[in-house]
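Hydrogens, waters and symmetry mates play no part in the numbers below; they use all other heavy atoms, side chains included. One-based numbering, in listed order, for ligands and for the atoms of each.
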Amino acid sequence: MAIGTAALGLLALLLGCSGNSAEAQNSSKCVLSGNWTNDLASTVLFGSVSNTGVFSGVYQTAVSSSGETIPPSPLQGIQHQRDNATFGFTVYWNASKSVTVFAGQCFVVEGGKELLKTVWLLRAEAASREDDWGATKVGTNTFYRTK
Ligand SMILES: *[C@@H]1O[C@H](CO)[C@@H](O)[C@H](O)[C@H]1NC(C)=O
Ligand SMILES: *[C@@H]1O[C@H](CO)[C@@H](O)[C@H](O)[C@H]1NC(C)=O
Ligand SMILES: *[C@@H]1O[C@H](CO)[C@@H](O)[C@H](O)[C@H]1NC(C)=O
Ligand SMILES: *[C@@H]1O[C@H](CO)[C@@H](O)[C@H](O)[C@H]1NC(C)=O
């Protein structure tokens, strides 16, 4: 009550300014390192990103075509190091002898939240060359940072 609205206004201004400058200086946005989850409730952990943009990680899928639980699966990727960076990574599905390649872009949206818009190709192992035609699936996923 004793604090005037002018003082509150000044405080808000100071907080606002420090928030903005911290955001402007924060180069960690769209560095993919950390935990993410997607619209299917699959989770992915990206490890540290090297100075050449290379990273590895672990993908825990919530869905599988077999209906069986898939163990955490390794991935390797590379990203650009800039705002709204594009990136790609490949997940190695050991049990099904298949791979999924993801290509995507990170976007920093309202409130500084990051999301990853991706398209993927899942390549299953074809039993023969004649079966090659139907061995690839395509889809999209959006990932949200959880940590
Ligand atoms: C940058 O942002 C990340 C994630 O939002 C946060 O963890 C980190 O503390 C911030 N760094 C600075 C210097 O503000
Ligand atoms: C990040 O993901 C890893 C691997 O799934 C998990 O062990 C860890 O607890 C997660 N961290 C957080 C903060 O969710
Ligand atoms: C793949 O699975 C096989 C059979 O379970 C196992 O022996 C092998 O160590 C696994 N390889 C990798 C790279 O996880
Ligand atoms: C990054 O993407 C966000 C969300 O679409 C957009 O508002 C922002 O202008 C973009 N930033 C840059 C530097 O392209």
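Screening residues 72-85 for side chain to side chain donor-acceptor pair (under 3.5 Å), with sequence neighbours left out, gives no hits. Counting only residues at least two apart or on different chains, the salt bridge (Lys or Arg N to Asp or Glu O under 4.0 Å) pairs with a member in residues 120-136 are R123-D132. Sequence neighbours left out, the pairs with a member in residues 89-105 that pass side chain to side chain donor-acceptor pair (under 3.5 Å) are W93-T100, S96-S98.
Within the listing of ligand 4, atoms 2 (O), 3 (C), 4 (C) sit less than 4.0 angstrom from a heavy atom of V108. In the vicinity of D83, heavy-atom distances shorter than 4.0 Å reach the ligand 4 atoms 13 (C). With ligand atoms numbered from 1 in the order given, ligand 4 contributes 2 (O), 5 (O) to contacts under 4.0 Å with heavy atoms of F107.
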Enumerate the pairs of nitrogen or oxygen atoms, one from ligand 2 and one from the protein, separated by less than 3.5 angstrom; state names and distance to 0.1 Å.
from	atom 1	to	atom 2	distance (Å)
ligand 2	2 (O)	N35	ND2	2.2
ligand 2	11 (N)	N35	ND2	3.1

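Checking side-chain atoms of S33 against main-chain N and O of G47 turns up a donor-acceptor pair under 3.5 Å. Within the 3.5 Å criterion, the main-chain N or O of T142 finds a donor-acceptor partner in the side chain of D39. For the pair E114 (side chain) and C30 (backbone), a donor-acceptor distance under 3.5 Å is present.
The distance criterion of under 3.5 Å between nitrogen or oxygen atoms is not met by Y92 with respect to ligand 3. Close N/O approach between N84 and ligand 4 is found [any backbone or side-chain N/O within under 3.5 Å].
Separation of the F46 and F143 ring centroids does not fall under the 6.0 Å cut-off.
Separating the CG atom in N35 from the NZ atom in K147 is a distance of 8.5 Å, to the nearest 0.5 Å.
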